[in-house]
Amino acid sequence: MANPGQTSQTVPATRDSPASPRSRALAERLRAVIGDGKVLTDPAQLRTYECDGLAAFRVRPGIVVLAAHRDDVVHTVRLCAEAGVPFVARGSGTGLSGGAVPVADGVLIVLSRLRAIVSVDPDNARVVVEPGVINLWVTREAAPYDQAYAPDPSSQQVCSIGGNVAENAGGAHCLKYGFTVNHVMGAEIVLPDGDVVHLGGTAPEHPGLDLLGAFVGSEGTLGVATQITVRTIRAPESVQTMLVGFHTVEDAAGTVSDIIAAGILPAAIEMMDALAIEAAEAAVRCGYPEGAVAVLVIELDGPQVEVDEQFRQVAQAAEARHAFETRIARDAAERALMWKGRKSAFAAVGRISPAYYVQDGVIPRTQLPEVLAEIGRLAEAADVRVANVFHAGDGNLHPLILFDDTVPGAAHDAEQLGFAILDLCVDAGGSITGEHGVGVEKKSKMSRQFTEDDLDTMQLVRCAFDPAGLANPGKLFPTPRLCGERPGVHTAADTHDPALGEVF
Amino acid sequence: MAAGKDARTGAVVAGAGPARTVRPTTAAEVADVLRDTSGTVVPVGSGTKTGWAAPATSCDLLLRTTGLDRVVEHAPGDLVVVAEAGVRLDTLQRQLAGHGQMLALDPPEPGATLGGVVGANASGPRRLRYGTVRDLLIGVTVVLADGRTAKSGGKVVKNVAGYDLGKLYTGAHGGLGVVVSTTWRLHPLPPAARAVVVPVPDAAEAGRLAALVARSTLTPTAVELRWEAGRAAGTGSELVVLFESIEESVRAQSRAAVALLGGGAEADAPPSWFGARPSGGLVLRLAFEPFALPRVLAALPEASSGTASACTGVAYAAVPHTTDLAALRAAIAPYDGSAVVLEAPDDVRQGLDHWGPVADSFGLMTRVKDQFDPGRRLSPGRLIGGL
């Protein structure tokens, strides 16, 4: 596969179509205002940006703007608004739902050069960053003060805070610490008309509507964040990690439920099944228990006495569910190795399959055994292998659907199986996405989870922020709506999906 | 009780009370009310926090949500509960406690409903550990101004499908729709508690001690400061650090806290004032950068009394009704500070700037209000800037 850690599917290459007159005129204005070197229109250069972490969706943008300063973003968005040209903001491009797929003949605003750490304030536990700053850098900045940034998506070494805000990124430790939205205190936003507003701030609350709460996780459809204030947490006194091997998935899942029922809130509980373990071993030799059908990585943190006592209870719970091997990390290096197996699992699957497709769904935790069994049945019926890696503590599944991209139709079958798994999640009372976002990939599934009235109500927010529909159009919502349009009445223009551009 | 007027706090509506009151018992009835009527509607729960927003400029219909009083679903294994907006928080807590669980919100207003807690964004001391409504509300159903019913979020804690409208309805005082049902993330009830109480001579020392706790590895559920009237804010006050966890942990941590703070008395429960709001005169909710606590206290008029959630940047203060709010707001603005009126004598209330100045996002806020409630019929005037 071309791109380890990412979905690899055979996709027709986009054509080198000539830029439209509108696009040429906008590029000229952009060059005049923000500078020649930041505006790309050469088709060969544009190709780099035609997809994000979900390589199945590719669209060549008309123009790429490499913003080097906040004002570049403001000018670009304002010029787009004046010209009526849609724009898409992009951070590191690691998203897995196609949220940063460009719009054909639109502008892609690349924010990865906006990498300044604006301020670090350990007294107030706040760090202010530009959107292109890498997630892990925030913790690196806070670490000298014994503080850390809690949200830790597996891609934390490369993903950007701006992208984390757009997707409301989670991670292994959000079981205890919450998601990006629980840690973002303020943001400077360029609205789709080019106006700049400040939402939230450094204080814990502000008079007025919580627009920041609505903005986080809006997948780039409400504007572009150009500066973000996050809070940091005190690093815990003690961290303990254990790796537990089980002979059955049911025992592993049952252990998760027992731990939660005992009133223990671990920092993380991660689960991998046999196929995922096999892949991780092949890739990073993490030394997981041999013969395990499922493993749990369980981490507890907090005051030493609390961690020690609860760790003992967790070990007992695992033993009661027939755990055959329990390994406790003796130091940071051993802990890192346990996590390496888990955090590299997506990429590792590339070692045992020519291609794969990763899904992201959520179920109520107590239904893990039933839903996993049903996924197994679906996979068997479709004759497709599925490796399961997931945040078991909060019921967030990441089935990795393996396929051979040289076999015609295999990619399609994998995608269909992924969607069937999402149906299972919705039917179990869960969600079609826990952390990867809806993007372009799953927007059709929104109607499975929400009613027409639910979606129309969400569109009210969209219409307040972006009445012209220029910010990342064609994502998130199954049916694009014009603002001011009566609900339920669709126009012919709605059937055009700009996100799909010229692919089909 | 006079129409639209609560015994404890100010009137819901400026001038005369509402023309009439309805108390629907189902979400469908709420939808019918909004669809079949025109005119202005102000939703309220038990009415414990009617003073927390500016008085409505008009109220043709007071919509009491206390009839929506069913706990719809409690899934103990998933630590999730679904309950209608009129369910009382204390009733729900009793029910959850039977399963060793709790909704980790502790606003003190007795009899408050879930819908009211959401609408007013009420919180208490334990926000330090558990956060506030926005951190715990995972799903919400509302009836919009036109009678449509819409939900957002769901029944799982981790969920990023679509916009999280629960955040918008939190603190919106019914101005974007009537919250009819709420879904919450729950926490296990901690089995043991231990409090450390330390006398504090002045505001500077209060700030120093709070910072010590914040920078330590201690994991208190709350750090509360109380000061009494008659002296400068923070002077002669008391700080309580509350630990709630397993027995081994709360004992070890309270001992460590005494050592860290250089003294203090240990007890099995926090003092009786813990969690109570101050009262009398103007009651303000102040929010600011946490480390600015001593400077914010110094900006308060003498003869104030109140409490502060010391490590979070939130304080509640009762100040004389003659207090110059504009000057106070200007003094704390450098710390991203705000001061919102929660309670005021009736004769003073009408002329007050309840929320304080609007920020550069006010235009956007207005557009959100106009999208959700184009006729401005829901809680008109209750929100910031007269929205």
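Here is how names work: the chains are called A, B, and so on, in the same order as the sequence lines, proteins then strands, and each is numbered from 1.
- Summarising the geometry of A:T457 relative to B:A150, their closest heavy-atom pair is OG1-CB, 3.1 Å, with the distance given to 0.1 Å.
- Looking only at heavy-atom pairs under 4.5 Å with chain B, the residue among A:V438, A:L199, A:N396 that has the most is A:N396.
- Note: B:L144 leads B:L144, B:V314, B:T170 in heavy-atom pairs under 4.5 Å with chain A.
- Considering only heavy-atom pairs separated by less than 4.5 Å from chain B, the leading option among A:D308, A:I260, A:T451, A:D394 is A:D394.
- A salt bridge is absent between A:D210 and B:K167; no separation between the charged side-chain nitrogens and carboxylate oxygens falls under 4.0 Å.
- Residue contact with chain B, scored on non-hydrogen atoms closer than 4.5 Å, involves the backbone and the side chain of A:R462 alike.
- Contact record, A:L209 with B:A172: CD2-CB, 3.7 Å, taken as the closest heavy-atom pair.
- Between chain A and the options B:Q101, B:R285, B:H187, the largest number of non-hydrogen pairs under 4.5 Å is found for B:R285.
- Proximity to chain B is limited to the backbone of A:A235, based on heavy atoms less than 4.5 angstrom apart.
- Note: B:D164 CG to A:N168 CG = 7.5 Å, rounded to the nearest 0.5 Å.
- For chain A, the nearby part of B:R185 is the side chain; its heavy atoms alone come within less than 4.5 Å.
- Two residues are said to be in side-chain contact when any heavy atoms from C-beta on lie closer than 4.5 Å; A:P303 and B:L218 fail this criterion.
- The parts of A:V181 that come within reach of chain B are both its backbone and its side chain, each placing non-hydrogen atoms under 4.5 angstrom from that chain.
- With a threshold of 4.5 angstrom between heavy atoms, A:Q304 does not approach chain B through any atom at all.
- Proximity to chain B (any heavy atom under 4.5 Å) is restricted, for A:L175, to the backbone atoms N, CA, C and O.
- If you take CG on B:L168 and CZ on A:F215, they are separated by 13.0 Å, rounding to the nearest 0.5 Å.
- Residues B:E248 and A:V305 come closest through the heavy atom pair O-CG2, 3.9 Å.
- A:C174 SG to B:K158 NZ: the interatomic distance, rounded to the nearest 0.5 Å, is 3.5 Å.
- The CZ atom of B:R134 sits 10.0 Å away from atom CD of A:E205, with the distance rounded to the nearest 0.5 Å.
- Across B:Q371 and A:L460, no two heavy atoms sit closer than the pair CG-O, 3.4 Å.
- Nearest heavy atom pair, residue A:E167 against residue B:V160, reads O-CG1, 3.9 Å.
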* Asked: Do A:T366 and B:D78 pass the side-chain hydrogen bond (donor to acceptor under 3.5 Å, both in side chains) test, and can you show the C-alpha distance, the side-chain angles, and the key distance before you say yes or no?
  -> CA-CA 6 Å; A:T366 48; B:D78 293 314; 2.8 Å; yes
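- Only the side chain of A:M446 comes within contact range of chain B, with heavy atoms under 4.5 Å apart.
- Only the side chain of B:Q253 comes within contact range of chain A, judged by heavy atoms closer than 4.5 Å.
- When side chains are defined from C-beta on, B:T149 does not count as touching A:D453, because their heavy atoms never get closer than 4.5 Å.
- Within the 4.5 angstrom heavy-atom criterion, no atom of B:F362 approaches chain A.
- The parts of A:A214 that come within reach of chain B are both its backbone and its side chain, each placing non-hydrogen atoms under 4.5 angstrom from that chain.
- Applying side chain to side chain donor-acceptor pair (under 3.5 Å) to B:S249 and the options A:Q310, A:E306, A:E309 leaves one that passes, A:E306.
- In this structure, the portions of B:L79 lying under 4.5 Å from any heavy atom of chain A include both its backbone and its side chain.
- Put simply, the side chain of A:D121 does not reach to within 4.5 Å of the side chain of B:F291, judged on heavy atoms.
- Under the 4.5 Å side-chain criterion, counting only non-hydrogen atoms from C-beta, B:R148 is not in contact with A:D454.
- By number of non-hydrogen pairs under 4.5 angstrom with chain B, the leading residue of A:G186, A:G395, A:P122 is A:P122.
- Contacts of A:S257 with chain B are absent, with no heavy-atom separation under 4.5 Å from either backbone or side chain.
- Both the backbone and the side chain of B:V368 come within less than 4.5 Å of a heavy atom in chain A.
- Separation of atoms CG (B:D360) and CD1 (A:I189) is listed at 10.5 Å; rounding is to 0.5 Å.
- For chain A, no part of B:T366 is nearby; none of its heavy atoms comes within less than 4.5 Å.
- In this structure the side chain of A:P204 reaches within 4.5 angstrom of the side chain of B:R127, judged on heavy atoms.
- When heavy atoms are compared at a cutoff of 4.5 Å, B:A161 approaches chain A by way of both its backbone and its side chain.
- In this structure, the portions of A:R365 lying under 4.5 Å from any heavy atom of chain B include both its backbone and its side chain.
- Only the backbone of A:P236 comes within contact range of chain B, with at least one heavy atom under 4.5 Å from a heavy atom of that chain.
- The distance from atom CD1 of A:I432 to atom CG of B:N159, rounded to the nearest 0.5 Å, is 8.5 Å.
- Residue with the most contacts toward chain A among B:V142, B:N121, B:L189, B:V157: B:V157 (heavy-atom pairs, distance under 4.5 Å).
- Using a 4.5 Å cut-off between heavy atoms, B:F288 touches chain A through its backbone atoms (N, CA, C, O) alone.
- In this structure, the portion of B:A214 lying under 4.5 Å from any heavy atom of chain A is its backbone and not its side chain.
- Interface remark: B:S216 contributes backbone atoms only to the contact with chain A (heavy atom separation under 4.5 Å).
- When heavy atoms are compared at a cutoff of 4.5 Å, B:S338 approaches chain A solely by way of its side chain, counted from C-beta outward.
- Of the atoms belonging to B:A292, it is backbone heavy atoms, and not side-chain ones, that fall under 4.5 Å from chain A.
- Residues A:F450 and B:Y163 keep their aromatic ring centres 6.0 Å or farther apart.
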